[in-house]
Amino acid sequence: MKFLQSIGIELVLLIAGIAGGFVSLTSKPKNMTRMQQIGTVISGGLTANYLTPLVAEWWGSSEQALYGLAFALGYSGMKSLELVFKILNTKLHSKQDL
């Protein structure tokens with residue numbers, strides 16, 4: 001467990017994200033290969049694990065909301081990562097314009 005924490009893995013957020021990744025497979029194309037499906041689930045888990053604390057901080061989410069947020073981020077996977085980068089890019093450019 002300490003090893004996972006040392007590399008930034010919060011197990012409960014990872015599991016919630018993996019669950020979201022599994023559920024997201026129901027809305028994906030049916031012709032995905034097994035590796036694409038595994039990649040979707042893993043990327044959902046990792047996205048949720050690393051983005052949940054950031055998004056929760058931005059939104060001022062309560063600790064009770066973290067698991068639902070992690071599930072939603074896992075479900076949206078790479079789309080949520082793209083959105084976070086877009087928001088960061090907008091914030092950076094707005095600071096440069098000052």
Side-chain angles (χ1 to χ4, degrees):
M1 200 66 126
K2 285 196 184 273
F3 171 73
L4 292 177
Q5 290 176 337
S6 74
I7 59 171
I9 301 288
E10 185 68 41
L11 196 55
V12 68
L13 298 179
L14 181 69
I15 291 170
I18 287 172
F22 269 119
V23 172
S24 77
L25 292 176
T26 63
S27 65
K28 303 276 188 211
K30 301 299 178 209
N31 62 348
M32 287 177 71
T33 66
R34 182 70 59 199
M35 288 306 294
Q36 288 172 320
Q37 292 172 343
I38 291 168
T40 296
V41 171
I42 290 171
S43 68
L46 292 173
T47 299
N49 180 76
Y50 292 111
L51 288 186
T52 297
L54 177 66
V55 173
E57 179 73 24
W58 283 348
W59 288 355
S61 298
S62 69
E63 193 161 328
Q64 291 83 8
L66 287 181
Y67 309 132
L69 179 58
F71 179 87
L73 288 170
Y75 180 87
S76 60
M78 294 303 291
K79 291 294 180 188
S80 56
L81 187 58
E82 291 171 13
L83 181 60
V84 167
F85 276 117
K86 189 179 286 188
I87 291 168
L88 285 173
N89 190 28
T90 301
K91 286 182 182 247
L92 288 173
H93 280 87
S94 67
K95 286 184 179 182
Q96 290 176 353
D97 293 338
L98 296 177

message: Listing request: all salt bridge (Lys or Arg N to Asp or Glu O under 4.0 Å) pairs with a residue in residues 71-81, at least two apart in sequence or in separate chains.
response: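 Sorted result for residues 71-81: Lys79-Glu82.
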
query: Under the side chain to side chain contact (heavy atoms under 4.5 Å, CB included) test, which residues partner Ala56, sequence neighbours left out?
result: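 With sequence neighbours excluded, Ala56 shows a side chain to side chain contact (heavy atoms under 4.5 Å, CB included) to Ser61, Leu66, Leu69, given in chain and number order.
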
- request: With sequence neighbours excluded, tell me which residues meet side chain to side chain contact (heavy atoms under 4.5 Å, CB included) with Ala48.
  value: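 In terms of side chain to side chain contact (heavy atoms under 4.5 Å, CB included), with neighbours along the sequence ignored, Ala48 is linked to Thr52, Ala70, Leu73.
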
Could you state whether [X] and [Y] fall into the same hydrophobic cluster, counting links through intermediate Ile, Leu, Val, Met, Phe, Trp or Tyr residues with side-chain heavy atoms under 4.5 angstrom apart?
X: Leu92; Y: Trp58; result: no
X: Leu46; Y: Phe85; result: no
X: Tyr67; Y: Tyr50; result: no

Output a table of donor-acceptor pairs, distance under 3.5 Å, between side-chain atoms of residues 1-21 and any protein atom two or more places apart or on a different chain; print 'none' if there are none.
| unit_1 | atom_1 | unit_2 | atom_2 | d |
| --- | --- | --- | --- | --- |
| Ser6 | OG | Phe3 | O | 2.6 |

query: Residues sharing Val23's hydrophobic cluster, by side-chain heavy-atom contacts under 4.5 Å among ILVMFWY, directly or via others?
result: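 Besides Val23, the hydrophobic cluster comprises Phe71, Tyr75, listed by chain and residue number.
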
- request: Evaluate whether atom CE of Met32 has more than 12 neighbouring non-hydrogen atoms of other residues, nucleotides or ligands under 6.0 angstrom away.
  value: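 Counting neighbours around CE of Met32, more than 12 heavy atoms of other residues, nucleotides or ligands fall under 6.0 Å, so yes.
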
- prompt: Donor-acceptor pair, Thr47 side chain versus Ser43 backbone, under 3.5 Å?
  reply: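 Pair found, side chain donor or acceptor close to backbone of Ser43.
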
Compile the donor-acceptor pairs under 3.5 Å between side chains in residues 35-42 and protein atoms, sequence neighbours left out, one pair per line.
| unit_1 | atom_1 | unit_2 | atom_2 | d |
| --- | --- | --- | --- | --- |
| Gln36 | OE1 | Thr33 | N | 2.7 |
| Gln36 | OE1 | Thr33 | OG1 | 3.4 |
| Gln37 | OE1 | Arg34 | NH1 | 3.1 |
| Thr40 | OG1 | Gln36 | O | 2.9 |

